[in-house]
Amino acid sequence: MLEIAGWIAPVATMIAAMMTAANLGARVTGWGFVVFLLGAIAWSIVALATGQSNLLWSNAFLGLVDIIGIWRWLGHRARLDDGADKALQASTRTTLPSLFPTKLIEGGPIRDALGATIGHSVGAMAERDSGRLAYLVVHQGAVADLGGRHVAIPWSWLGIAGDAFLLAGDHDLAELDAIDPGNWPVTAGA
């Protein structure tokens, strides 16, 4: 039992860390906390078997944090995401303006006219008085914001289809100058 727990503990902890760090949505993050809880239980077994009270107490605390994370991400946040998705679906069946969930602004894919993903949203700027989105900042290139380039796409260039932003018309991101991710512009455009 100790040997099995000794393997499950670090493997579960590493997998859970990748799941939560990836920020792939409420449900993936929530399941990451489930895997973290399994790791904390396995570490606690190791601690009990080897008499390491410091390891036991730290993992008892981390297990409590994991339970809160499970509630937060698989319960509360997932319910909010479901509510946003229902509003999105309902808005497509009305004559009112279509809606989109703002969670797309952080990590939503940007697709070209052929449906190919050409980047991912990392944030947006909105007009203070009207609340209208002015532009979307998009990362193109390597995974996890390592390398690649950032551009500010004017909101007028974009459309929305379900869970993605669509680059409208004949616009090309190559037309846009790269921006410094630590120094966003006042306006977007070429």
Side-chain angles (χ1 to χ4, degrees), residues 15-33 69-70 72-190:
I15 291 170
M18 289 186 296
M19 290 173 74
T20 56
N23 192 22
L24 296 174
R27 286 183 173 76
V28 173
T29 300
W31 281 105
F33 278 104
I70 292 166
R72 162 88 167 81
W73 293 102
L74 286 181
H76 182 67
R77 183 74 245 170
R79 214 170 50 244
L80 291 172
D81 285 353
D82 290 346
D85 291 341
K86 287 177 183 172
L88 168 68
Q89 294 304 316
S91 79
T92 62
R93 296 186 301 266
T94 70
T95 57
L96 298 171
S98 292
L99 303 173
F100 77 94
T102 59
K103 66 183 178 182
L104 283 181
I105 292 173
E106 288 282 333
I110 313 301
R111 297 198 174 114
D112 64 15
L114 300 175
T117 299
I118 56 175
H120 287 85
S121 174
V122 296
M125 291 300 289
E127 297 170 1
R128 184 183 322 199
D129 295 333
S130 69
R132 293 177 50 158
L133 290 178
Y135 65 82
L136 200 66
V137 175
V138 172
H139 177 257
Q140 297 180 280
V143 178
D145 283 345
L146 302 173
R149 73 184 204 123
H150 291 79
V151 294
I153 301 176
W155 187 248
S156 61
W157 286 24
L158 296 166
I160 298 171
D163 64 346
F165 293 103
L166 299 176
L167 192 58
D170 60 353
H171 296 294
D172 184 355
L173 296 187
E175 298 173 39
L176 300 172
D177 294 331
I179 66 166
D180 177 353
N183 188 18
W184 291 12
V186 174
T187 61

Could you report the tightest heavy-atom contact between [X] and [Y], atom names first, then the distance?
X      : Y      : result
Asp81  : Ala26  : OD2-CB, 3.3 Å
Thr117 : Pro109 : CG2-CB, 4.1 Å
Ala188 : Pro154 : CB-N, 3.8 Å
Glu106 : Gly123 : OE2-CA, 4.1 Å
Thr29  : Thr20  : O-CG2, 3.8 Å
Ile70  : Gly30  : CG1-O, 4.2 Å

With Tyr135 via ring pair (Phe, Tyr, Trp, His ring centres under 6.0 Å) - residues at least two apart: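 Partners of Tyr135 under the ring pair (Phe, Tyr, Trp, His ring centres under 6.0 Å) test: none.
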Can you list everything that forms a ring pair (Phe, Tyr, Trp, His ring centres under 6.0 Å) with Trp31? Sequence neighbours excluded, please.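 Once residues adjacent in sequence are excluded, Trp31 has no partner under the ring pair (Phe, Tyr, Trp, His ring centres under 6.0 Å) criterion.
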Please list all pairs meeting ring pair (Phe, Tyr, Trp, His ring centres under 6.0 Å) that have one or both residues in residues 106-130, counting only residues at least two apart or in different chains.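 Ring pair (Phe, Tyr, Trp, His ring centres under 6.0 Å) check on residues 106-130 returns no pairs.
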Close side-chain approach of Leu136 and Ile110, heavy atoms under 4.5 Å: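 Yes, close enough: below the 4.5 Å cut-off.
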Can you name the salt bridge (Lys or Arg N to Asp or Glu O under 4.0 Å) partners of [X], sequence neighbours left out?
X      : value
Arg149 : none
Asp172 : none
Asp85  : Lys103

How long is the span from the CG atom in Leu167 to the CD1 atom in Ile118, to the nearest 0.5 Å?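 Nearest 0.5 Å value for the CG-CD1 distance: 4.5 Å.
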To the nearest 0.5 Å, tell me how far Leu166 CG sits from His171 NE2.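 Reported value, rounded in 0.5 Å steps: 12.5 Å.
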Qualifying salt bridge (Lys or Arg N to Asp or Glu O under 4.0 Å) pairs with a residue from residues 21-30, counting only residues at least two apart or across chains: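 Matches after skipping sequence neighbours: Arg27-Asp82.
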Any pair with a residue in residues 110-130 that passes salt bridge (Lys or Arg N to Asp or Glu O under 4.0 Å), sequence neighbours left out, goes on the list, sorted by first then second residue, please.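 Residue pairs with at least one partner in residues 110-130: Arg111-Asp163.
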Holding to side chain to side chain donor-acceptor pair (under 3.5 Å), I want the full list of residues that pass it with Arg72, two or more places apart in sequence or in another chain.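 Side chain to side chain donor-acceptor pair (under 3.5 Å) list for Arg72, sorted by chain: empty.
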Residues which pass side chain to side chain donor-acceptor pair (under 3.5 Å) with Thr94, listed by chain and number, not counting sequence neighbours: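 With neighbours one apart ignored, the set is empty.
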How about Asp170: does its CG atom have over 12 heavy atoms from other parts shown lying under 6.0 Å from it?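 Result for CG/Asp170: open.
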Would you please name every residue forming a side chain to side chain contact (heavy atoms under 4.5 Å, CB included) with Leu133, sequence neighbours left out?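 By the side chain to side chain contact (heavy atoms under 4.5 Å, CB included) rule, Leu133 matches Phe100, Ile105, Ala124, Ala126, Trp155.
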